[in-house]
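Comments concern the structure below.
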There are 2 protein chains.
Amino acid sequence: MINIKYFFKFAADILLFHGIFMKLTNTSEYALRILTYMAKDPGQLYTAKSLIEKLKISDKYLRRLMTTLSKEGFIYSIQGRDGGYSFKKQPNEIFLADVVNAVEGMDTYAGCVLGFEECSCENPCVMHSTWVKVREEFMSVFTGKTLSDLDFELAKRY
Amino acid sequence: MINIKYFFKFAADILLFHGIFMKLTNTSEYALRILTYMAKDPGQLYTAKSLIEKLKISDKYLRRLMTTLSKEGFIYSIQGRDGGYSFKKQPNEIFLADVVNAVEGMDTYAGCVLGFEECSCENPCVMHSTWVKVREEFMSVFTGKTLSDLDFELAKRY
DNA sequence: TATATATACTACATATATGTGGCAAATACT
DNA sequence: AGTATTTGCCACATATATGTAGTATATATA
Ligand code: SF4
Ligand code: SF4
């Protein structure tokens, strides 16, 4: 017999943790979605217009972001008629960490889960021992995976 | 022989991922720091003043947050002289997820890492297969650990 | 050179999170 | 009752992220 009250509590937790914390800023999301989408067919030249239509990202915001990604050296931008964007760095040389680092001010994120600036195993907060494993899993994905390591066969959306 | 350029790149990644993404909002941080600090000695009555001094959190912001935590049923608030806050729910009944859920609008977080609203294994994004494991580790900590499950012996800071 | 089609840039507009000031209300003590 | 101490509330101030408008610049083609 299922206790309805706790079922809903549990369901709410699942919904909550499906997203909470694990969600990047819009800007990082956009950057990753754009670059992973481009990485599916890395040789192509992509116009802002085509990316906007495909990825449903706000026009001017995407364009600004593309300029950032260009200045950061991930892509070329070709101005004028028949212009667009294509990879400068190879997708297998672009780590997920690099992308996020490029579009967000790294200095914004000085601390860990509980916001302390100077953290170490020698000066731990109360969550440290429970948190370390998650943090390392997380780090290994974002520092270890490149744009070309992702599962393009599986993906049904960008 | 160490390649200096890559050493610095690596160091930057470590710094980056020490914080990035894994950092909660200030509000959630505060809530967790306050409640974990109180959970170290759960029977005590804590004044806002003492919490502000100990945890270095902005006066009015902390007070507002305490009212929220009170309304959400985690703590009692006792007004007037000799007033303060103490636990209403037992710390071992308060999951980390509950705290974050209470102080942040859950509706803000509708999606997962790439921001999609309707996600499932049947409709995955390009990161899904690499991301699922991290997400589950993460979920198990926040839905599985209560305030009293944390390592109070180890902790040197709140 | 004129035109169509691109990206680049700057400034402003809006939304949200975070922080602050001032005063009201509650309670214990004298 | 009066005072000191404490929480509660509301409105505004500030910082940051996000989104929008308008214009300038670059390039291929006719
Ligand atoms: S979990 Fe560890 S690294 Fe993160 S804030 Fe706490 S002490 Fe610092
Ligand atoms: S990783 Fe999976 S659950 Fe997360 S956004 Fe991608 S498809 Fe959705």
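A note on names: the letters A, B, ... follow the listed sequences, proteins ahead of strands, and every chain is numbered from 1. The structure presented is a predicted model; accordingly, all values stated were derived computationally and were not measured.
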Determine whether [X] and [Y] make a side-chain contact, defined as any pair of heavy atoms from C-beta on separated by less than 4.5 Å.
| X | Y | value |
| --- | --- | --- |
| A/Tyr46 | A/Ile34 | no |
| B/Glu93 | B/Asp98 | no |
| B/Val99 | B/Ile94 | yes |
| A/Trp131 | B/Phe138 | yes |

### DNA chain C contacts among residues 44-58 of chain B, heavy-atom distance under 4.0 Å
B/Ser58
### Message
Tell me the closest heavy-atom pair linking A/Phe152 and A/Leu147, and the distance in Å.
### Response
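In this case the closest contact between A/Phe152 and A/Leu147 is CZ-O, 3.2 Å.
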### Query
What's the shortest heavy-atom distance between B/Arg33 and B/Leu55, and which atoms?
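Closest approach of B/Arg33 to B/Leu55, heavy atoms only: NH2-O, 2.8 Å.
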### Task
Kindly state which residues belonging to residues 63-74 of chain A come within less than 4.0 angstrom of DNA chain D, counting heavy atoms of the residue only, listed by number.
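When residues 63-74 of chain A is checked for heavy atoms under 4.0 Å from DNA chain D, the hits, listed by number, are A/Arg64.
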### Task
Apply side-chain hydrogen bond (donor to acceptor under 3.5 Å, both in side chains) to B/Thr130 and list each qualifying residue two or more places apart in sequence or on a separate chain.
none
#### Entry: Residues that, via side-chain heavy atoms closer than 4.5 angstrom, fall in one hydrophobic cluster with A/Leu45
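Listed partners: A/Ile78.
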### Task
Would you confirm whether B/Lys145, through its side chain, and B/Leu150, through its main-chain N or O, come within 3.5 Å as a donor-acceptor pair?
no
### Message
Using a heavy-atom cut-off of 4.0 Å across all strands, would you classify B/Tyr30 as base, sugar-phosphate, or nothing?
### Response
sugar-phosphate
Write out a two-atom table: protein N or O, nucleotide N or O from nucleotides 22-25 of chain C, distance below 3.5 Å.
residue	atom	partner	partner atom	Å
C/dG22	N7	B/Lys60	NZ	3.1
C/dG22	O6	B/Lys60	NZ	3.1

### Query
Does any donor atom in the side chain of A/Thr25 or A/Thr27 lie under 3.5 Å from an acceptor atom in the other side chain?
no
## Note on the structure
Between B/Asn26 and A/Asp82, the residue closer to the 5' end of DNA chain C by nearest nucleotide is A/Asp82
#### Entry: Atom-to-atom span, CG of B/Leu62 to C1' of D/dT6 - whole angstrom
13 Å
### Task
Whole angstrom is fine here: how far is it from CZ in B/Arg81 over to P in D/dT5?
7 Å
### Query
Can you pull the side-chain hydrogen bond (donor to acceptor under 3.5 Å, both in side chains) pairs that have at least one residue in residues 64-86 of chain A, sequence neighbours excluded?
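Not a single pair qualifies under side-chain hydrogen bond (donor to acceptor under 3.5 Å, both in side chains).
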### Task
Ignoring backbone atoms, establish whether A/Tyr61 has a side-chain N or O less than 4.0 Å from OP1 or OP2 of D/dA21.
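Checking D/dA21 against A/Tyr61, no side-chain N or O comes under 4.0 Å of OP1 or OP2.
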